[in-house]
Colleague: 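Below you'll find the structure I mean.
Everything quoted here is computed from the prediction, not taken from an experiment.
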Amino acid sequence: MALARQALLWASRNKWLAQRFPKYRFAQAAVRRFMPGTTPEAALDATRNRDPVIEGTILTRLGENVTSPAGVAEVVGHYREVFSRIAAAGLDTHISIKLTQLGLDIDATAAFDNLMTLLECARANDNFLWVDMEQSRYVDATLDLYRRARTQYPEIGVCLQSYLRRT
C-alpha cells in the first residue's frame, strides 16, 4: 500500500505526466466522473448538469506546490474568478484549495494573506472555502493557518486525509 501511495504522489508531481496524461482518451474516461474537465467552463457545466439527487459540488484546481509568486497570483486570480462565476450562475458549489497553491512553500505569511483574500471573496459571493490537507509535512502549517483564518471567517473548512497517521 505504501508503494502505491508513493507512486501516486510521484505521479501527481511529475510535470511530464501532467502535460501528457490528460490528452489520452483512456485517462479522460477514467477520471470523467470525478474530474469532468480541465477548464472552469467544463467544471461549471458539470455542476449545472449534475444528478439532481446530489446536494452540491466542490471544485478544485489540480496542482500543488506552486513555487513562483507569479504562479501564486495566477492561482488566486483563477479562484476569485471562479467564485464570481459560481455566484453569477447561482450554483450550489464550493471551492477547495491547497495552501501550497497559495504559496505556502514560498512564504507562510503571504500564503495566509492569499487565503484571507479568497475568504473575503467567498464571503462576498455567499460561498464557502475548503482547505485540502496535503502531505504530512504540511499538517501543522495547514491547521495553523486554518485556525487563524477561522477566527475571522466561518466560511472555511478543512478536509483531512484519511491516510495520514494523525488523522
Side-chain angles (χ1 to χ4, degrees), residues 2 5-6 8-15 18 34-44 46-47 50 54-167:
R5 182 176 170 270
Q6 289 175 348
L8 288 172
L9 286 172
W10 172 83
S12 73
R13 292 187 205 101
N14 186 291
K15 291 180 191 260
F34 304 101
M35 190 176 74
T38 58
T39 65
E41 294 78 23
L44 293 171
T47 299
R50 72 183 187 276
I54 296 173
E55 291 290 322
T57 55
I58 297 175
L59 304 179
T60 192
R61 179 178 176 160
L62 295 180
E64 51 193 47
N65 301 100
V66 177
T67 57
S68 74
V72 170
E74 195 277 324
V75 167
V76 172
H78 166 83
Y79 281 124
R80 291 179 74 177
E81 177 187 342
V82 174
F83 268 128
S84 297
R85 292 177 71 178
I86 290 168
L91 297 172
D92 179 20
T93 191
H94 300 153
I95 289 179
S96 179
I97 56 98
K98 293 175 179 63
L99 291 177
T100 61
Q101 291 177 320
L102 304 186
L104 185 59
D105 287 328
I106 302 169
D107 177 8
T109 301
F112 182 74
D113 292 343
N114 289 324
L115 177 61
M116 297 302 277
T117 295
L118 292 181
L119 283 165
E120 183 59 39
C121 191
R123 178 177 283 171
N125 288 287
D126 194 28
N127 208 309
F128 196 87
L129 180 69
W130 289 97
V131 176
D132 277 350
M133 186 59 66
E134 299 178 71
Q135 302 168 36
S136 294
R137 68 181 179 168
Y138 295 110
V139 170
D140 291 329
T142 299
L143 292 175
D144 176 55
L145 295 183
Y146 162 76
R147 287 181 185 120
R148 287 176 50 206
R150 178 100 173 131
T151 64
Q152 296 176 54
Y153 291 93
E155 300 89 357
I156 188 172
V158 66
C159 177
L160 303 176
Q161 299 293 342
S162 63
Y163 68 82
L164 295 176
R165 288 186 195 118
R166 289 169 49 183
T167 306

Colleague: Could you tell me if the side chain of Leu115 sits less than 4.5 Å from the side chain of Ile97, heavy atoms only?
Modeller: yes
Colleague: With a 3.5 Å cut-off and no angle check, do the side chains of Tyr79 and Asn114 form a donor-acceptor pair?
Modeller: no
Colleague: Considering all heavy atoms of both residues, which atom of Gly103 and which atom of Ala111 are nearest to each other, and what is their separation?
Modeller: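 Closest approach of Gly103 to Ala111, heavy atoms only: C-CB, 3.9 Å.
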Colleague: Shortest non-hydrogen contact from Asp132 to Ser96?
Modeller: OD1-OG, 2.7 Å
Colleague: How long is the gap from CG on Leu102 to CD on Glu64, to the nearest 0.5 Å?
Modeller: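 Output value for this atom pair is 12.0 Å.
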Colleague: Out of curiosity, Leu143 CG to Tyr138 OH, how far, rounded to the nearest 0.5 Å?
Modeller: 14.5 Å
Colleague: So which heavy atom on Ile156 is nearest to which on Arg150, and how close?
Modeller: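 Here Ile156 and Arg150 meet closest at O-NH1, 3.4 Å.
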Colleague: Look up atom OG1 in Thr67 and atom CG in Asp105, then write down how far apart they are to the nearest 0.5 Å.
Modeller: 8.0 Å
Colleague: Any donor-acceptor pair under 3.5 Å linking the side chain of Asn127 with the backbone of Thr93?
Modeller: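 Answer holds: yes.
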Colleague: Taking the side chain as every heavy atom from C-beta outward, state whether Leu119 and Met116 have any pair of such atoms under 4.5 Å apart.
Modeller: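 When only atoms from C-beta onward are counted, Met116 and Leu119 do touch, with a gap below 4.5 Å.
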Colleague: Would you compute the distance between atom CZ of Arg85 and atom CG of Asn125 and round it to the nearest 0.5 angstrom?
Modeller: 13.0 Å
Colleague: Over all heavy atoms of both residues, which pair between Arg61 and Glu74 is shortest? Give the atoms and the distance, please.
Modeller: NH2-OE1, 2.8 Å
Colleague: Could you tell me which residues satisfy side-chain hydrogen bond (donor to acceptor under 3.5 Å, both in side chains) with Arg80, sequence neighbours excluded, listed by chain and number?
Modeller: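 side-chain hydrogen bond (donor to acceptor under 3.5 Å, both in side chains) list for Arg80, sorted by chain: empty.
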Colleague: Got a donor-acceptor contact below 3.5 angstrom from the Glu134 side chain to the Leu99 backbone?
Modeller: yes
Colleague: Which atoms form the tightest heavy-atom contact between Ala122 and Phe83, and what is the distance?
Modeller: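 So the minimum-distance heavy-atom pair works out to CB-CZ, 3.6 Å.
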Colleague: Hey, could you give me the OH/CH2 distance between Tyr146 and Trp130, rounded to the nearest 0.5 Å?
Modeller: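 Here the interatomic distance stands at 8.0 Å.
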Colleague: State, with a plain yes or no, whether a side-chain heavy atom of Lys98 is found less than 4.5 Å away from one of Thr60.
Modeller: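 Side-chain contact under 4.5 Å: yes.
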Colleague: Starting at CZ of Arg147, measure out to OG1 of Thr142 and round the result to the nearest 0.5 Å.
Modeller: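 Interatomic distance, Arg147 CZ to Thr142 OG1, rounded to 0.5 Å: 10.5 Å.
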Colleague: Are the side chains of Ile86 and His94 in touch, meaning some heavy atoms are under 4.5 Å apart?
Modeller: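 In short, these two side chains do not touch, never coming nearer than 4.5 Å.
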Colleague: For Ala141, check side-chain contact (heavy atoms from CB on, under 4.5 Å) against everything at least two apart and list the hits.
Modeller: Leu104
